[in-house]
Engineer: 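This is the structure, below, for whatever I ask next.
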Amino acid sequence: MEQTFIKIDPKDSVVVCLQPKKKGDIIEIDNQRVTVNQDTPAGHKILLTDVSEGTDIIKYGYPIGHAKQDLKAGDWVNENNLKTNLAGTLTYTYQPVDEKLDIPHENRTFRGYRRKNGEVGTRNEIWIVPTVGCVNGIAEKLAERLRKETGEEGVDAIYTWHHNYGCSQLSGDHENTRKVLRDIVLHPNAGGVLVLGLGCENNQPDKFEEFLGDYDHDRIKFLVTQQVDGDEMEVGMDILRKLYDTARQDQRTEVPVNELRVGLKCGGSDGFSGITANPLVGRFSDWLVAQGGTTILTEVPEMFGAETILMNRCKTEQLFNETVSMVNNFKEYFLSHGEPVGENPSPGNKAG
């Protein structure tokens, strides 16, 4: 008989519908029969026992929130009757989990682009990086002209990293912009970069160039439009053509997988994310780390509510304390602006 629901963890108080359930359908599980009280979409939760208002709802073996009202076995548990447990900053206790994953080292490789400084890219692209938002338009026109002229043949893509910053910013705000732009310019996925400045911005191009440190002058070029004597589009195209000719000669080579770094980004969630894509990404992360590689969680607010699971996997107490600070500092950022900690998920994520 085809399975139409799943109980993810023995401690769970809900099952997840693998197919839509109709009112009156029967769920047989753990020697009990539960009658479905409402039509329930696939991916959504059905309660297995009566609970009173304030009772934690358990999924994946952990509380995912609490009931906003008294609920009956068979009820559809959703964003309308479930409320987050998330609150302000919390006190955490280091309780490391000694999890033996037993993942063998496989000595695998991937095909990447080895750069002059030893870094490795997974793509080979031409980038135009404005120092300030004022030159976004020129940057976009340059990228479009180069795409039409070359057809992007021999490179993976031609992009502009347009943004609205680089001027009218002060202190830490300005410095954060410079750091982000620096890391983009130096990223190994770029086979060639044109740093495009205006000239009068806070993020002065000459100071930004110093901020890059020791960089590959064959791959990273600067153009300040206010210093061009003539047509800045033609000067920019001349520079881009040379960068393109250099980048298109690059070839992929075999690189040990321990040099692979993968950034993880949240997308639109649904009821199956937690039993399909997310565990797959987790297993992949465990495997890659066991090979000496790196995966990076990129959205701290997406950790809220599950941060204790992450903290319990910290290898040392110092790393645990750093993780606690990261989570609580981000919560304090929300609270300092009068925003609730538990309202980061979008309506679509909540509904899913």
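What's counted below: heavy atoms across the whole structure, side chains too, no hydrogens, waters or symmetry copies.
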Engineer: Any idea how F208 and F211 line up, ring-wise: parallel (<30°), tilted (30 to 60°), or perpendicular (>60°)?
Structural biologist: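 Aromatic pair F208/F211 classed tilted.
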Engineer: Pick out which of R219, R111, K116, R123 makes a salt bridge (charged side-chain N to carboxylate O under 4.0 Å, His left out) with D250.
Structural biologist: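 Result for salt bridge (charged side-chain N to carboxylate O under 4.0 Å, His left out) with D250: R219.
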Engineer: Tell me whether K7 at atom NZ has more than 12 heavy atoms from other residues, nucleotides or ligands lying less than 6.0 Å away.
Structural biologist: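 More than 12 within 6.0 Å, yes.
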Engineer: Whether the side chain of T122 engages the backbone of G112 through a donor-acceptor N/O pair (distance < 3.5 Å, no angle test) should be reported.
Structural biologist: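 Checking the backbone N and O of G112 against the side chain of T122, no donor-acceptor pair under 3.5 Å is found.
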Engineer: Does K141 pair with E232 as a salt bridge, N-O distance under 4.0 Å?
Structural biologist: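 No salt bridge links K141 with E232.
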Engineer: Do the side chains of Y113 and V255 join up, straight or via other hydrophobic residues, at under 4.5 Å, putting them in one cluster?
Structural biologist: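 No.
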Engineer: Determine which pairs satisfy salt bridge (charged side-chain N to carboxylate O under 4.0 Å, His left out) with at least one residue from residues 39-60, sequence neighbours left out, and list them in order.
Structural biologist: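 As it turns out, there is no salt bridge (charged side-chain N to carboxylate O under 4.0 Å, His left out) pair with a partner in residues 39-60 once direct neighbours are skipped.
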Engineer: Is the backbone of T295 close enough, under 3.5 Å, to the side chain of S285 for a donor and an acceptor to pair up by distance?
Structural biologist: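 Not at all, since once roles are kept as given, no pair shorter than 3.5 Å links the two residues.
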Engineer: Show the numbers, then the answer: is there a side-chain contact (heavy atoms from CB on, under 4.5 Å) between Y215 and V195?
Structural biologist: CA-CA 13 Å; Y215 68 89; V195 181; over 6 Å; no
Engineer: Verify, without hydrogens or angle tests, whether N124 (side chain) and D156 (backbone) share a donor-acceptor contact under 3.5 angstrom.
Structural biologist: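 No; zero donor-acceptor contacts below 3.5 Å.
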Engineer: Is it true that atom CZ of R261 has more than 12 heavy atoms of other residues, nucleotides or ligands lying nearer than 6.0 Å?
Structural biologist: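 Counting neighbours around CZ of R261, 12 or fewer heavy atoms of other residues, nucleotides or ligands fall under 6.0 Å, so no.
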Engineer: Could you tell me how the ring of W127 sits relative to the ring of H187: parallel (under 30°), tilted (30 to 60°) or perpendicular (over 60°)?
Structural biologist: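 Plane angle between 30° and 60°, so tilted.
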Engineer: Under the rule for side chain to side chain donor-acceptor pair (under 3.5 Å), what residues qualify as partners of E322, not counting sequence neighbours?
Structural biologist: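 Residues passing side chain to side chain donor-acceptor pair (under 3.5 Å) with E322: Q318.
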Engineer: Would N117 and D216 count as a side-chain contact (heavy atoms from CB on, under 4.5 Å) if you check the C-alpha gap in whole Å, the side-chain angles of each, and the deciding distance to 0.1 Å?
Structural biologist: CA-CA 8 Å; N117 64 356; D216 188 345; over 6 Å; no
Engineer: For residues 66-81, pull every pair meeting salt bridge (charged side-chain N to carboxylate O under 4.0 Å, His left out), keeping only residues two or more places apart or in separate chains.
Structural biologist: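 Sorted pair list comes back empty.
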Engineer: Go through it in stages, so that I can follow the logic: the residues are V155 and E125, the test is side-chain contact (heavy atoms from CB on, under 4.5 Å), and I'd like the CA-CA distance, side-chain angles, deciding distance and then a yes or no.
Structural biologist: CA-CA 6 Å; V155 298; E125 300 172 344; 6.0 Å; no
Engineer: Can you tell me if CD on Q32 sees more than 12 non-hydrogen neighbours from other groups inside 6.0 Å?
Structural biologist: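 Enclosed.
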Engineer: Please, which pairs that meet salt bridge (charged side-chain N to carboxylate O under 4.0 Å, His left out) have at least one residue in residues 273-293, sequence neighbours excluded?
Structural biologist: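 Output for this query lists D286-R313.
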Engineer: Does S13 use its side chain to pair, donor to acceptor, with the backbone of I58 at less than 3.5 Å?
Structural biologist: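 Yes, S13 side chain to I58 backbone: donor-acceptor pair under 3.5 Å.
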Engineer: Can you tell me if E307 and Y92 form a side-chain donor-acceptor pair at under 3.5 Å?
Structural biologist: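 Note: E307 and Y92 side chains meet the donor-acceptor criterion.
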Engineer: Give me each pair satisfying salt bridge (charged side-chain N to carboxylate O under 4.0 Å, His left out) with a member in residues 161-185, each pair once, sequence neighbours excluded.
Structural biologist: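 Listed by first then second residue: E175-R178.
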Engineer: Does Y333 have any ring pair (Phe, Tyr, Trp, His ring centres under 6.0 Å) partners at least two apart in sequence or in another chain, and if so, which?
Structural biologist: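 For Y333 the ring pair (Phe, Tyr, Trp, His ring centres under 6.0 Å) partners, ignoring immediate neighbours, are H337.
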